[in-house]
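Structure, as C-alpha cells:
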Amino acid sequence: MGYFNASMSFSFDYLSLFFLAVIAVVSVPSAVYSVGYLKGEYPRAKIIFAWFLLVMFILAMVLVVTVSNAFVFLIVWETMSLVSYFLVTFDNEQEKSLRAGIIYIVMTHVGTALITAAILTMFQYSHSFDFAALKSGCQIMPENTKNFVFILLFFGFGAKAGVVPLHIWLPYAHPQAPSHVSGIMSGVMIKIAIYGILRFVICILGVTAMWWGNMILIIASISCVVGVMYALMEHDIKKLLAYHSVENIGIILLGIGAGMVFLKMDLPVLAVFAFCAGLYHLINHAIFKGLLFLCAGSVYKATGTRDIEKLGGLIKVMPRTALFFLIGSIAISGLPPLNGFVSEWLTLQAFFLGALAGTAGTKIFMGLCAAVLALTGGLAAACFAKAFGVTFLAMPRSARAANAKEVSLSMKSAMFFLSLLTVIFGLFPAVIMKILVKVSGEITGIDTAAMSFSLNNFSLAPQPANRACLSNPLLALILIFFCGLAAAVYYLLPGRRNTVKNRTWDCGYYKLDSRNEYTATAFSKPFRAAFSFFFLPYRKTEKIRESFYHVKYFKYETFTTPIFKQYIYDPIVNAIFMAAGYMRRIQRGSIHLYIAYIFITLLGLIIFYRG
Amino acid sequence: MKTIVVIGQTLLVILLAPLIGGFIRKIKNNLRMRKGAPVLQPYYNLSKLFIKQEVVSDNSSWIFKITPFIVLGAAVTALLLVPFFHTGFSLSNIGDFFALIFILSLGRFFLALAGLDTASSFGGMGSSREMFLSSLVEPTAILAVMAVSLNAGSTNLEMIANVGAIPVSSLLAALALFLVTIVETGRIPIDNQETHLELTMIHEAMVLEYSGRSLAMIELAAYIKQAIFFSLIAGIILPFSIVYPFSYAQVLAGFALFGGEIVAIAVITAVTEVSIAKMRLFRAVDFLAFSFALGIMAVVAQSIRL
C-alpha cells in the first residue's frame, strides 16, 4: 500500500484556482440566500442539518478540485455525490424527492464506476495515483487503451455533467433540492465534472486522436438542442432551469471540444482561444444559473408553487426579484451586453477561426456547430421570453401569485450580488480573458505569454490581424446612450398628449381576465408542432358527462413523449428488473444453500489457481 | 471629421429608412394596379403617431414602457456597426457581424416580453410566433455570416465590405440573408405587415397594444432594421467601397450605386410579396428549412472555394 503515502497532497495550479473561484462565486451568495430561504420553511433542527450538508457539500467540491491524487479524488468525488444526494432528498416527506434521489444516485454511481475504471486502467501504467505520475504513465500507454480510457472518462464525467443522453437525472434532481442548493448543483457541481474532463482527459491523458474532439462537439451539439427543446416544453420553473443546464453544459463543451480539435490540428493559439471560450461560458453559466435558481427559489418561497401556469403579474408585487430574473434571462439568452453574449460570441469566433484555418470538411463541420449554437441561443431566448413573461408579466393567474410578497433582505442581496457579477463579467471581458488565457495555457501546456486575445482592457480581438473585435463596454455604453436618447425624445420633445391608462383591447368583450392570457403551453405550441417528430406530442380528451345528452365539461390535456426515458432508460430498467427476477431463483433464503454456494466458489477458485 | 461623418451618416439612414418602406408599398400597389398611398406615407404616419395620445394597458408594467426605447436604441446601435457605401466610418471595431445579429435579438426579446405584458391573447400569440420564427431563422443568419466572413477572412463588417470579388458563396449567402430579411422584417410569405387580421398577424399582433409615440418608435426601429438588412445584402453582393481620402465625385458615385442596389433589393422584395401567398405558420418551417439549406450551401460553396 506504499502508493497511498504521499496521497493527501493538494495542487493549487491555475486550473484548480479557477474552479475554486467558480465554487466561491456561487456558493457564498447561495449561503447568504439560504438564511432567508430556510427561515419559516423548515423546523429549526432541519435548518441546522441543511447548513451542515451545505458546508459539507461545498467542502467536498473544494477538495475535488484541489487534490492532486486520483485515489483521494475518487473518495472526495464520492463524498460530493453522497452529500448532494442527501440535499436532493432534503424534502424527504415528498415522494418525488425520494424518486429523484434514486435516479440521481444511480446515475451518479454509473458515472463514478466508469471514472474508477478509467483511473485504475491508468494506474496500470503509472503504478501511482499521483497526478504527475499518472501523467507520465499515460505517455507509455498504447493508443487503443488511451481511446478506451477517454471513452470511460468522458461518459463517466458526462454522467455527472448531464450531457445527453446521460442527462436524465438532472431535471429530476436539481429542482427537488432546496433552491439555494439547486443553484449550487446546477451552477457549480456539474462544472466540477467539466473540471474532471479538463484535468484527466486533457492534462493527464493528453489529446491523442482527432475524433475525441469531434465526438465531444457532436455530443455537445445534441446536448444544446435537446436541453433547450425540453426546457421549452417545461412549465415547472426549476425543471426548466435544470434543462437549460443541459443546454449550457453543451455550450461549454462546444468550446472545449473545439479546443481539443484545434490541438490536434496543430493550431495552438486557436486551441487556447477555444478553451478560453469554454471556460468563460463555464463561469458565466455558474453565475447566471445560480442567479436564476435563486430567483426561482424566491418565487417559490413567495407563492408556494413552481408551476408557471399558476403565476403571472409578479413584477408588480416582487419588483426586485423580477428585475434580477430579467437580468439572468438576458444573460442566459446570450443577449448583449451581458456575460452570456460575450462567451457565446467567443465560441462563435472560435468556430469561425477554426473554419478559416481548416480544410473543406472542417469548414462545414464548424459552420454546422456555429449554426447549432445560434439555434440554441434563439431557442433559449424564446424559452426565457416565455419563462419571464408568463411568470412575472400580465395578470396573476392565481390568488397565490396575486398575494405574493417580496422576499427578505438576505435573499435579495444574494440575488443582487450575482446580478452585479453578471453585468461585470459582461462588461469587462478583456480583463477576465487574461486570467482565462493562463488557465487554458496550463491545461494545454502551451506557452501563452504572447497571447491576450484583446486589444486593450476594453476590447476582445481573437486575432488582432483580422480586425474582428468586440468592445463590450463601449457597445453597452452606446446601447445605453441611444436607449436614453430615445427616452429623452419620448419624454422631452413637445407635442405629446397625456398618456391615459385603460383596459387592454378585448374585442369588446369587457371581461378580460387572467384566463384570456396566453399561457406557457400556448406559447410553446409552435415549437411543439414544428418539432413534433422529436416531442411526439399527444393529447387526452375526456368528456365529463352529467347524462348521456349533456356534457358538463371537457377535460383536455397535452403531453409530450419523453423519448430518452421511454426508448433508452425504461428498457434498461426493465431488463435489470428481469435479470433480478432470474437472480432471485438462486436466492432461496436457506443457509445450507448459501454454504454450498461458498463451497462451490472456493472449489472453483482453487481449481482456477492451480491450473 | 470622422465623428461628423458618422453622425451625419447615421442620421441620414434613420431619415431615409422609412422611405424604403414607403417605396416598397408603392411598388406593390402599382403592381396590383392600384394607385396606392404616396411614397412619403410612412413619414406622415410616424409624424401623426408622434403627437397622438397614447393608451397604456392597466395590466402592463415598466417592461411595456421601456421596450420602445430599447428596441429603437438597439436598432440604432446596430446601425452604427454597418458600413454603407464607404468604409472607415462604421464603428466596426466595437462589434462584428455576429454581434450585430445578437444586438438585433435584444430588441426582439423585449418586444416579445412587451407582447406578453398586456395580458392580451393577441400579444402573447404574436410574441410566441415571433420568437418561434426568429429562433429558427438564427442558424441561417449565422451560416450566411460564416460564409461571407470566410471569404473576407474576418467577421469584421468593413473587411467584408472590402472583399472586392464576388464569389458564388457570397451570392448564396446573400440569398440566404434575403430570406432571413423576409422573416425578420415580417414580410410575405411569412408575415404580412399590412394586415390586422387576427389569425395572420405575427409582428403586428405583438405590438398591437402600442399607440402614439411609443408605436412611432417601434415602427421607426422596424424601418431601421430593414435598412440594416438591405445594406448588408447590398454590401455582400456588391463589395464596393471607397477608402477615406476621397473626392466628391467618388462619394456621389458610391452613393448612387449603393442607392441603386437598395432600390433593386426593394423592388425584388415588393415583387416577391405580390407574387406569392402568405404561408400558414407551420408551413413557414419549410421556408426556414429551405433558407437553412441555402446557408449550408453557402458554407459548402465557400469550403470548395467557389
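Chain identifiers are assigned alphabetically (A, B, ...) following the order of the sequence lines, protein sequences preceding nucleic acid strands; residue numbering begins at 1 within each chain.
- Side-chain contact, B:Asn59 with A:Thr504: a donor N or O sits under 3.5 Å from an acceptor N or O.
- Separation of atoms OH (A:Tyr518) and OG (B:Ser127) is listed at 9.0 Å; rounding is to 0.5 Å.
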TODO: Take A:Leu323 and B:Trp62, measure what side chain to side chain contact (heavy atoms under 4.5 Å, CB included) needs, and give me the verdict at the end.
DONE: CA-CA 10 Å; A:Leu323 178 66; B:Trp62 54 268; 3.8 Å; yes

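- Looking at heavy atoms from C-beta onward, B:Met125 lies out of side-chain contact with A:Phe523 at the 4.5 angstrom threshold.
- Counting heavy-atom pairs closer than 4.5 Å to chain B, the top-ranked of the candidates A:Val500, A:Leu470, A:Asp513, A:Asn472 is A:Val500.
- Interface remark: A:Ser333 contributes side-chain atoms only to the contact with chain B (heavy atom separation under 4.5 Å).
- Of the listed residues A:Pro473, A:Gly334, A:Pro319, A:Ala322, the one with more heavy-atom pairs under 4.5 angstrom with chain B than any other is A:Gly334.
- At a 4.5 Å heavy-atom cutoff, the contact between B:Gln53 and chain A is made by backbone and side-chain atoms alike.
- Heavy atoms closer than 4.5 Å to chain A are found in the backbone of B:Lys52, but not in its side chain.
- Taking the six-membered ring for Trp and thresholds of 30 and 60 degrees, B:Phe69 and A:Tyr490 have ring planes more than 60 degrees apart, a perpendicular arrangement.
- The distance from atom CG of B:Leu136 to atom CZ of A:Phe531, rounded to the nearest 0.5 Å, is 4.5 Å.
- Distance CG/B:Asn151 to CG/A:Leu356: 10.0 Å, rounded to 0.5 Å.
- Residue B:Ile142 touches chain A through its side chain alone, counting heavy-atom pairs closer than 4.5 Å.
- When each of B:Ala99, B:Ala74, B:Ser120 is checked for heavy-atom pairs under 4.5 Å with chain A, B:Ala99 comes out on top.
- Under a cut-off of 6.0 angstrom, the local environment of NZ in A:Lys501 is crowded, with over 12 non-hydrogen atoms contributed by other residues, nucleotides or ligands.
- With a 4.5 angstrom heavy-atom cutoff, A:Phe365 does not touch chain B via any of its atoms.
- For chain B, the nearby part of A:Ala522 is the backbone; its heavy atoms alone come within less than 4.5 Å.
- Heavy-atom pairs under 4.5 Å with chain A were tallied for B:Leu116, B:Val300, B:Leu81; the largest tally goes to B:Leu116.
- With a threshold of 4.5 angstrom between heavy atoms, A:Leu512 approaches chain B through side-chain atoms but not through N, CA, C or O.
- Only the side chain of B:Val285 comes within less than 4.5 Å of a heavy atom in chain A; its backbone stays farther off.
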Open item on the list: Please evaluate residues A:Leu393 and B:Ser61 with respect to the criterion side chain to side chain contact (heavy atoms under 4.5 Å, CB included), reporting the C-alpha separation (whole Å), side-chain torsions for both, the decisive distance (0.1 Å), and the verdict.
Closed with: CA-CA 7 Å; A:Leu393 301 179; B:Ser61 63; 3.7 Å; yes

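- Neither the backbone nor the side chain of B:Ile66 has a heavy atom closer than 4.5 Å to any heavy atom of chain A.
- Contacts between A:Phe341 and chain B at a heavy-atom distance below 4.5 Å involve the side chain alone, from C-beta outward.
- For the side-chain contact (heavy atoms from CB on, under 4.5 Å) with B:Ser135, the qualifying choice from A:Leu379, A:Val228, A:Thr376 is A:Leu379, the only one to do so.
- Looking only at heavy-atom pairs under 4.5 Å with chain A, the residue among B:Lys65, B:Met217, B:Arg213, B:Glu138 that has the most is B:Arg213.
- Open room surrounds CZ on A:Arg320; 12 or fewer heavy atoms of other groups in view lie less than 6.0 Å from it.
- Per-residue counts of heavy-atom pairs under 4.5 Å with chain B were compared for A:Ala394, A:Gly378, A:Ala530; the largest is that of A:Ala394.
- When each of B:Val55, B:Leu288, B:Val299, B:Val137 is scored by its heavy-atom pairs under 4.5 Å with chain A, the top score falls to B:Val55.
- Interface remark: A:Val489 contributes backbone and side-chain atoms alike to the contact with chain B (heavy atom separation under 4.5 Å).
- You'll find the side chain of A:Leu232 stays beyond 4.5 Å of the side chain of B:Phe132, heavy atoms only.
- Of the listed residues (A:Phe481, A:Phe392, A:Tyr491), the greatest number of heavy-atom pairs within a distance under 4.5 Å of chain B belongs to A:Tyr491.
- With a 4.5 angstrom heavy-atom cutoff, B:Phe97 does not touch chain A via any of its atoms.
- The side-chain heavy atoms of B:Ser128 and A:Ser524, taken from C-beta on, include no pair separated by under 4.5 Å.
- Using a 4.5 Å cut-off between heavy atoms, B:Leu113 contacts chain A through both its backbone and its side chain.
- In this structure, CD on A:Glu517 lies 9.0 Å from OG1 on B:Thr118, to the nearest 0.5 angstrom.
- Contact tally against chain A (heavy-atom pairs below 4.5 Å) for B:Leu143, B:Leu72, B:Leu208: the top residue is B:Leu143.
- Contacts with chain A were tallied for B:Leu281, B:Ile63, B:Ile304; B:Ile63 has the most, counting heavy-atom pairs under 4.5 Å.
- The choice from A:Pro336, A:Gly389, A:Ala382 that makes the most heavy-atom pairs within less than 4.5 Å of chain B is A:Pro336.
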Open item on the list: Quick one, B:Phe110 with A:Leu326, criterion side chain to side chain contact (heavy atoms under 4.5 Å, CB included). Give me CA distance, side-chain angles, the key distance, then yes/no.
Closed with: CA-CA 10 Å; B:Phe110 271 89; A:Leu326 180 66; 4.2 Å; yes

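- The part of A:Lys316 that comes within reach of chain B is its side chain, from C-beta onward, which places non-hydrogen atoms under 4.5 angstrom from that chain.
- When heavy atoms are compared at a cutoff of 4.5 Å, A:Leu479 approaches chain B by way of both its backbone and its side chain.
- At least one side-chain heavy atom of A:Ser329 sits under 4.5 Å from a side-chain heavy atom of B:Phe109.
- Within the 4.5 angstrom heavy-atom criterion, no atom of B:Thr140 approaches chain A.
- Only the side chain of B:Arg305 comes within less than 4.5 Å of a heavy atom of chain A; its backbone N, CA, C and O stay farther away.
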Task: Worked verdict on A:Phe352 versus B:Leu150 for side chain to side chain contact (heavy atoms under 4.5 Å, CB included) - done: CA-CA 8 Å; A:Phe352 169 70; B:Leu150 284 171; 3.8 Å; yes

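- Counting heavy-atom neighbours within 6.0 Å of B:Phe282 CZ, excluding the residue itself, gives a total above 12.
- For chain A, the nearby part of B:Ile296 is the side chain; its heavy atoms alone come within less than 4.5 Å.
- Looking only at atom types and distance, the side chain of B:Thr155 has a donor-acceptor partner in the side chain of A:Gln349 under 3.5 Å away.
- For the side-chain contact (heavy atoms from CB on, under 4.5 Å) criterion with B:Thr77, the lone passing option out of A:Leu477, A:Ile480, A:Ile478 is A:Ile478.
- Most heavy-atom pairs under 4.5 Å with chain B, from the set A:Leu348, A:Leu375, A:Asn502: that is A:Asn502.
- For A:Pro494, the part sitting under 4.5 Å from any heavy atom of chain B is the backbone (N, CA, C, O) and nothing else.
- Expressed to the nearest 0.5 Å, how far CG of A:Leu335 lies from CD1 of B:Ile103 amounts to 10.5 Å.
- Within the model, atoms CZ of A:Phe458 and CG of B:Asn93 stand 14.0 Å from one another, a figure rounded to the nearest 0.5 Å.
- Residue contact with chain B, scored on non-hydrogen atoms closer than 4.5 Å, is absent for A:Gln463.
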